[in-house]
Amino acid sequence: GLLPGAARVVAGSARLDGVDLLGLPEDKLRRLRGGAMAMIFQDPSSSLNPVHRVGAQIAEAVHAHRPNADAAAEAIALLKRVGIPDPDSRARAYPHELSGGMRQRVMIAIAIANAPRLLIADEPTTALDVTIQAQVLDLLADLKRERGLAMLFVTHSLPVVAEIADRVAVMYAGEIVELGPTAEVFARPRHPYTAALLRSAPSEGGPPPEGIPGVVPPPFALPEGCLFAPRCAYRAAECAEHPPLAVLPDGRETRCLRWRLL
């Protein structure tokens with residue numbers, strides 16, 4: 001519901017604890033957002049309010065779902081939990097007074113303020129340098145283990161996927177083309193796009209990266225049949241039909257009719 005008017009659901013469902021979120025009225029969704037499910041956005045600079053202190057913004061998230069809690073004290077405890085030094089003074093700081101890594105940690109503190117069962121992380125390390133990125137990923141992994149939460153991590157970075165994900169869904173042109181355990185997908189891809197992505201990534205001591213011919217089609221001009229077929233070395237006449245996301249004998253899923261050739 002974050003893109004009213006710009007996006008719509010045409011099919012399927014989105015379920016949390018068995019409840020279809022797409023059918024819930026707005027008042028019930030509002031109780032879930034920031035409570036049972038929370039989100040870390042890509043750019044903390046545009047997500048945090050520049051005219052309010054960070055402690056107040058964390059406290060606001062606490063108070064929205066638990067009005068009787070000591071929100072100010074919890075904000076300081078959350079800052080400490082996400083690894084921000086001197087949390088008492090940092091709680092009185094404005095977003096512009098913090099580094100990019102600290103601002104992202106503030107966003108994580110807001111997201112976990114009410115112990116969500118589902119945490120959605122949208123490219124949370126994109127704007128950070130490699131060292132800070134590793135620290136944020138370690139923090140998220142610790143929180144996942146410590147709190148037993150499920151995490152949906154959206155990223156373009158294959159190394160990040162390899163490090164943090166139990167299962168991976170590979171997407172192309174707006175649809176999932178492969179789904180399975182991360183280690184198996186990386187070791188034995190079952191879709192040509194996944195295989196091409198892995199070949200395009202640099203690796204220490206490995207072969208040089210290979211580019212993927214062609215370009216991703218715009219959403220208003222998608223090809224008929226398999227969306228990846230115009231760029232695929234394995235395409236055949238049967239690829240003129242749009243393939244379903246099929247379950248393979250090993251339980252993995254792929255949207256390719258010629259996966260046996262990989």
Side-chain angles (χ1 to χ4, degrees), residues 1-82 84 87 90-96 98 102-127 136 139-140 142-155 164 169 171 174 176:
L2 296 181
L3 300 172
R8 61 192 177 96
V9 178
V10 296
S13 62
R15 297 180 180 275
L16 180 64
D17 291 336
V19 177
D20 187 359
L21 303 178
L22 303 181
L24 290 182
E26 181 60 30
D27 60 330
K28 291 187 177 180
L29 273 175
R30 191 179 300 114
R31 288 197 291 270
L32 289 176
R33 294 191 191 108
M37 58 182 183
M39 185 163 181
I40 307 168
F41 291 94
Q42 181 172 351
D43 182 9
S45 298
S46 60
S47 302
L48 293 170
N49 191 320
V51 300
H52 290 290
R53 302 178 194 273
V54 297
Q57 296 187 58
I58 300 172
E60 180 183 24
V62 174
H63 188 264
H65 291 271
R66 293 177 288 128
N68 296 323
D70 186 345
E74 289 208 24
I76 293 172
L78 285 162
L79 287 174
K80 181 177 180 181
R81 175 61 195 87
V82 298
I84 292 184
R90 297 296 186 186
R92 297 190 293 273
Y94 290 95
H96 74 273
L98 303 179
M102 283 191 179
R103 286 195 293 268
Q104 193 58 284
R105 288 172 186 268
V106 171
M107 289 301 302
I108 294 172
I110 292 173
I112 66 170
N114 296 296
R117 298 191 295 281
L118 171 64
L119 182 62
I120 303 170
D122 178 17
E123 292 274 15
T125 59
T126 296
V136 170
L139 171 61
L140 290 173
D142 288 344
L143 290 170
K144 187 173 71 167
R145 287 190 296 267
E146 171 189 310
R147 299 183 175 223
L149 55 82
M151 183 160 60
L152 178 61
F153 199 101
V154 183
T155 183
I164 202 168
M171 297 188 70
I176 293 174

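Note that this is a predicted model, so its numbers are computed, not measured.
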(message) Is any side-chain heavy atom of Ile164 closer than 4.5 Å to one of Thr155?
(response) no
(message) To check you understand the geometry: which heavy-atom pair defines the closest contact between Pro95 and Asn49, and what is its length?
(response) CG-O, 3.4 Å
(message) To check you understand the geometry: which heavy-atom pair defines the closest contact between Ala59 and Ala72, and what is its length?
(response) CB-N, 4.3 Å
(message) Between Met37 and Leu21, is the side chain to side chain contact (heavy atoms under 4.5 Å, CB included) condition met? List the steps.
(response) CA-CA 11 Å; Met37 58 182 183; Leu21 303 178; 3.8 Å; yes
(message) Could you report the tightest heavy-atom contact between Ala169 and Ile176, atom names first, then the distance?
(response) CB-CD1, 4.0 Å
(message) With a sphere of 6.0 Å drawn around CD of Glu60, does it hold more than 12 non-hydrogen atoms of other residues, nucleotides or ligands?
(response) no
(request) State, yes or no, whether a side-chain contact exists between Arg147 and Leu119 at a heavy-atom distance under 4.5 Å. (result) no
(message) To the closest 0.5 Å, what do you measure between CG (Leu29) and CG (Leu24)?
(response) 5.0 Å
(request) Measure the spacing between NE2 of His52 and OH of Tyr94 and express it to the nearest 0.5 Å. (result) 9.0 Å
(request) To the nearest 0.5 Å, tell me how far Arg92 CZ sits from Arg90 CZ. (result) 11.0 Å
(request) Output the distance between atom CG (Asp43) and atom CG (Asp122), rounded to the nearest 0.5 Å. (result) 10.5 Å
(message) Does any part of the side chain of Arg117, heavy atoms only, come nearer than 4.5 Å to the side chain of Leu149, both counted from C-beta?
(response) no
(request) Check for a donor-acceptor pair, side chain of His65 on one end and backbone N or O of Leu32 on the other, with a separation under 3.5 Å. (result) no
(request) State the CG-NE2 distance between Asn68 and His63, to the nearest 0.5 angstrom. (result) 7.5 Å
(message) Could you check whether any side-chain N or O of Arg103 sits under 3.5 Å from a backbone N or O of Leu48, counting only pairs where one atom can act as donor and the other as acceptor?
(response) no
(message) Applying side chain to side chain contact (heavy atoms under 4.5 Å, CB included) to Glu74 and Arg66, what does each step give before you reach the verdict?
(response) CA-CA 11 Å; Glu74 289 208 24; Arg66 293 177 288 128; 2.8 Å; yes
(request) Using atom types as modelled and distance alone, determine if a side-chain donor or acceptor of Gln104 lies under 3.5 Å from a backbone N or O of Pro124. (result) yes
(request) Might you point out which heavy atoms bring Ala91 and Ile76 nearest each other, and give the distance in Å? (result) CB-CG1, 4.2 Å
(request) Answer yes or no: does atom NZ of Lys144 have more than 12 heavy-atom neighbours from other residues, nucleotides or ligands under 6.0 Å? (result) yes
(request) Can you spot which of Leu139, Val54, Leu98, Ile110 makes a side-chain contact (heavy atoms from CB on, under 4.5 Å) with Arg105? (result) Leu139
(request) Locate the shortest heavy-atom distance separating Ala61 from Ala113; write the atom from each residue and the value. (result) CB-CB, 4.4 Å
(request) Of all the heavy-atom pairs spanning Leu22 and Ser13, show the shortest one and how long it is. (result) CD1-CA, 3.8 Å
(request) Could you point out which residue of Val154, Leu140, Ile120 forms a side-chain contact (heavy atoms from CB on, under 4.5 Å) with Ile40? (result) Leu140
